[in-house]
Amino acid sequence: KWKLKNKSSQEKEGLELTFVDEFDEVSWGPKSHNKKWLTGESWGKFHPRKNIMYYGNPELVPDSSCAKFTVKYKPKTFKDDGITGNPVTIPFQNTLISTHFSHRQQHGQFECRCTIPYDKGVWPAWWMYGNGWPPEIDIFEMYGKEDGKDAGIQEINLHYGKTEQGNKSSTRSWK
């Protein structure tokens with residue numbers, strides 16, 4: 001409910017704007033190099049080992065330069081669960097967008113203006129990835145406990161390196 005000052009990076013001396021989206025038109029879609037955003041993660045419409053939610057599109061808010069990201073109970077059946085090849089019905093649609101295929105930048109100043117929901121079961125986050133994973137920098141993650149009884153826990157994480165098994169990262173967290 002707070003008003004944000006409209007101070008663009010373009011107005012800051014010595015910075016060159018390399019990526020912007022004012023959300024005045026649909027700029028997401030399937031894996032396509034002419035779109036700014038990929039809906040969901042690079043691995044597909046849902047995570048095979050976390051198939052409680054799948055990724056859907058944000059909604060444009062008319063006359064506002066805003067996109068609305070939601071979680072909805074909207075069951076959908078997929079032909080292949082990604083592990084056994086069997087169909088799977090996933091109950092929740094979640095909104096997540098990524099620049100995985102359209103924009104990469106190693107250094108700079110990154111800005112985002114957003115309103116963060118404060119409720120049980122939500123997980124608003126802003127993650128930045130390197131070329132591959134890890135590294136991952138979580139600018140912010142705000143979520144509730146796994147039991148859904150709490151909300152608003154904020155973390156800033158740096159995921160780096162790999163374990164000897166090669167499938168997990170070392171993590172440094174600030175709460």
Side-chain angles (χ1 to χ4, degrees), residues 18-62 64-106 110-144 146 148 151 153-160 162 166-169 171:
T18 59
F19 184 89
V20 67
D21 196 340
E22 296 293 338
F23 295 111
D24 53 354
E25 63 182 3
V26 173
S27 54
W28 46 82
K31 296 178 183 179
S32 171
H33 294 287
N34 63 347
K35 300 286 186 183
K36 289 182 179 180
W37 303 101
L38 166 69
T39 302
E41 291 280 8
S42 59
W43 58 69
K45 282 295 189 182
F46 63 91
H47 193 293
R49 289 185 169 67
K50 299 175 184 174
N51 55 15
I52 187 84
M53 65 179 181
Y54 65 94
Y55 303 117
N57 291 329
E59 302 167 17
L60 287 180
V61 179
S64 71
S65 294
C66 291
K68 184 177 180 182
F69 295 76
T70 59
V71 176
K72 298 177 184 176
Y73 179 74
K74 190 175 177 183
K76 182 175 181 178
T77 301
F78 293 85
K79 293 179 189 177
D80 184 346
D81 68 358
I83 297 174
T84 67
N86 294 324
V88 62
T89 300
I90 301 176
F92 293 97
Q93 176 184 300
N94 179 32
T95 309
L96 180 149
I97 58 176
S98 164
T99 60
H100 183 80
F101 295 107
S102 64
H103 182 77
R104 302 234 178 194
Q105 185 166 327
Q106 185 170 356
F110 302 87
E111 296 180 11
C112 172
R113 293 185 197 158
C114 58
T115 302
I116 304 297
Y118 182 84
D119 206 350
K120 294 177 186 173
V122 298
W123 187 3
W126 179 10
W127 302 326
M128 298 179 70
Y129 296 106
N131 196 9
W133 193 90
E136 172 188 324
I137 300 172
D138 302 339
I139 305 301
F140 65 79
E141 285 188 272
M142 298 183 73
Y143 55 89
E146 288 185 20
I153 298 168
Q154 181 175 355
E155 286 188 345
I156 300 169
N157 294 301
L158 172 61
H159 303 281
Y160 57 93
K162 289 193 176 186
N167 59 354
K168 295 193 177 190
S169 72
T171 300

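The model shown is predicted, which means the values in this text are computed figures rather than measured ones.
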Legend entry - Any side-chain heavy-atom pair of Ser98 and Tyr55 under 4.5 Å: no
Legend entry - CZ-SG distance between Phe140 and Cys112, expressed to the nearest 0.5 angstrom: 5.5 Å
Inset, instruction - Please report the closest heavy-atom contact between Lys35 and Ser102, naming both atoms and the distance. - result: O-CB, 3.3 Å
Legend entry - Qualifying residues under side chain to side chain contact (heavy atoms under 4.5 Å, CB included), relative to His103, sequence neighbours excluded: Thr18, Phe19, Thr99, Gln105
Legend entry - For Lys72, side chain to side chain donor-acceptor pair (under 3.5 Å) partners two or more places apart: Glu59
Legend entry - Taking every non-hydrogen atom, the tightest pair across Asn51 and Val88: ND2-CG2, 3.6 Å
Legend entry - Pairwise side-chain contact, Ile139 with Phe110, heavy-atom cut-off 4.5 Å (strictly under): no
Legend entry - Separation of Tyr54 OH from Thr95 OG1 (nearest 0.5 Å): 10.0 Å
Legend entry - Interatomic spacing from CG in Asn57 to CG in Leu96 - rounded to 0.5 Å: 11.5 Å
Inset, instruction - Determine which pairs satisfy salt bridge (charged side-chain N to carboxylate O under 4.0 Å, His left out) with at least one residue from residues 77-87, sequence neighbours left out, and list them in order. - result: none
Legend entry - Closest non-hydrogen atom pair, Phe46 against Met53: CB-O, 3.5 Å
Inset, instruction - To the nearest 0.5 angstrom, please state how far the NZ atom of Lys68 sits from the CZ atom of Phe23. - result: 15.0 Å
Legend entry - Under the side chain to side chain donor-acceptor pair (under 3.5 Å) test, residues paired with Glu22 that sit two or more places apart: none
Inset, instruction - Applying ring-ring contact (aromatic ring centres under 6.0 Å, His included), name anything that partners Phe69, two or more places apart in sequence or on another chain. - result: none
Legend entry - Exercise: identify the closest heavy-atom pair between Trp28 and Pro58: CZ2-O, 3.5 Å
Inset, instruction - Please list, chain by chain and in numerical order, all residues satisfying ring-ring contact (aromatic ring centres under 6.0 Å, His included) with Trp126, sequence neighbours excluded. - result: none
Legend entry - Exercise: identify the closest heavy-atom pair between Asn94 and Val71: OD1-CG2, 3.5 Å
